[in-house]
Amino acid sequence: MTQEELFKNIISHCKEYGFVFPSSEIYDGLGAVYDYGPFGVELKNNIREYWWKSMVQMNDNIVGLDASIFMHPTVWKASGHVDAFSDPLIDNKDSKKRYRADVLIEEHISKIEAKIEKEVEKAKKRFENFDETMFRSTNPRVVENQKKIDEINARFKNALEKNDLVEVKQIIIDCEIVCPVSGTRNWTDVRQFNLMFSTQMGSVSEDSNIIYLRPETAQGIFVNFLNVQRSARMKIPFGIAQTGKAFRNEIVARQFLFRMKEFEQMEMQFFVRPGEEMQWYNTWKEKRIKWHHAMGFGTEKYRFHDHIKLAHYANAACDIEFMFPFGFKEIEGIHSRTDFDLSSHEKHSGKKLQYFDSELNKSYVPYVIETSIGLDRMFLAVLASAFEIEKLDSANAEGEGNERTVLRIPPALAPVKVAVFPLIKKDGLPEKAMEIFNNLKQICRCYYEEKDTIGKRYRRQDAIGTPFCITVDHESLKDNCVTLRHRDSMKQERIPIDKIASIVEEKVSLRNLLSKS
Ligand code: GAP
């Protein structure tokens, strides 16, 4: 299966099994907006809980906040979003399709990178004792392509730094980038397009104010900095964590949950002494990558990417990139935001946002390290890593054909932890199974099902990622034991009914992730 096919399969699986639906589907949907279904919402809640607990429960110097989506309009002037939160857009005059100019260039670079990797892979297979470093620095095709990449990157970085949109267009022309729809190079000029959604607040249109739907949750933390610091008696260094919706008028191309117009962020702002920010920046880089690795999808699926162009508020910034089915892409940003936000809010509000450091005996505007991760992107990363169409030999087929679709979601994040089945719908088995189900549901999210063959029921639970299935059979009524079936190995074992709760609880506990992160 190609990565493109895998991505398509994941999208249709999400719809069929109640993870994600297109928004307003009966009206043909709304571009880049999605709804989470019964199992999707559980998975999303579990990922959010993992993040929240790893921040607020595991760090005694981090507290939580839930600020409003609507904020005073001056917040966005102070944060720089009114003036600088925009994407460089370009239209193709033939297809009338609109693209982000920077994305067109980045995709062009990715294609050249893919050519290099193909060349390296081919050579790896051909030569024994293959010296990859030597090959990359001497093979003429690889060297030439790497030179192209370096040149485009240098020009692009320069153009972005100078905000030179004419040069950005020239790069697109020089790289001979064509519109994926029309196939032509008939481009408009590049221009900046603000990404914030605006609406009006006030009952009468004459006295209404334009306000914005927040494009990031971070500003709710900055404007509450002193409220939180004083009320929770926090001492620097300390952090404020928040999860919640953010809105951006993104220009998107078939990226499913990766780039949405309404999405959820999980952000933490860590306030530190000026001058100590780089040390904390590195600490948070380490802590965050550990959080990702703890899920066990493979460390090779993550990498750091330092920003070429720093945002207006940052003195250092990087992304954690994840290998999605469409390549390595940003899943989380870690930014050293200096004192930009707090100082700017001081200026615009006329209120002091300073901290009195009793050890130094002076007041200052703290510096900030931010970790910011998209919950929807995380959801997509979990699904993409967990999704597998597995071939089975007949001994393992459970009477249901030689293939199964299984979501190998870490048990602590799985939407449903245990499914309970009576083998058949009579002889007192449903009653016994229901008794077990009613007990277990006090501990975790469970599912009861009595329709279809056991094999079919197992398959359905595999498809939603349920780590454990419990089957009650006639023997159970005599020996008080049940069959516990494991999702990943498909192995079955006989366990006493009074041990189910402790076995399951231990395996599905978030502790398994938190202790590694
Ligand atoms: N407060 C900093 C900030 O918002 P960002 O890099 O623009 O930084 C942080 O966004 C994270 O939010 C990204 O790493 C990504 O995971 C997520 N994100 C951003 N835009 C998104 C979108 N349109 N759809 C889904 N997730 C998005």
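Counting starts at 1 for both ligands and their atoms, following the listed order.
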Q. When the ring centroid of F324 is compared with that of F322, is the distance short of 6.0 Å?
A. yes
Every pair of nitrogen or oxygen atoms between ligand 1 and the protein that is under 3.5 angstrom apart - can you list them with their distances to 0.1 Å?
from	atom 1	to	atom 2	distance (Å)
ligand 1	1 (N)	E216	OE1	2.6
ligand 1	1 (N)	E267	OE2	2.5
ligand 1	1 (N)	R337	NH1	3.4
ligand 1	1 (N)	E370	OE1	3.3
ligand 1	1 (N)	E370	OE2	2.8
ligand 1	4 (O)	R248	NH2	2.9
ligand 1	4 (O)	Q265	NE2	2.9
ligand 1	6 (O)	E330	OE2	3.1
ligand 1	7 (O)	R248	NH1	2.8
ligand 1	7 (O)	R248	NH2	3.0
ligand 1	10 (O)	Q265	NE2	3.4
ligand 1	12 (O)	Q265	NE2	3.3
ligand 1	14 (O)	E330	OE2	2.5
ligand 1	14 (O)	I331	O	3.4
ligand 1	16 (O)	I331	O	2.8
ligand 1	16 (O)	G374	N	2.9
ligand 1	20 (N)	R248	NH1	3.3
ligand 1	23 (N)	E250	OE2	2.8
ligand 1	23 (N)	M260	N	3.3
ligand 1	23 (N)	M260	O	2.8
ligand 1	24 (N)	F258	O	3.4
ligand 1	24 (N)	M260	N	2.8

Q. Heavy atoms, side chains only, cut-off 4.5 Å: are W51 and W291 in contact?
A. yes
Q.
Taking E286 first and then K290, would you say they form a salt bridge - that is, a charged N and a carboxylate O separated by under 4.0 Å?
A. no
Q: Carefully, step by step, assess F297 and Y302 under the rule ring-ring contact (aromatic ring centres under 6.0 Å, His included).
A: CA-CA 9 Å; F297 297 133; Y302 303 87; 7.6 Å; no
Q) Knowing that exactly one of K97, R191, R100, K96 qualifies, which makes a salt bridge (charged side-chain N to carboxylate O under 4.0 Å, His left out) with D91? A)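 That would be R191.
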Distance-only check: which donor-acceptor pairs under 3.5 Å involve side-chain atoms of residues 23-37, not counting sequence neighbours?
from	atom 1	to	atom 2	distance (Å)
E25	OE2	K15	NZ	3.0
Y36	OH	D376	OD2	2.6

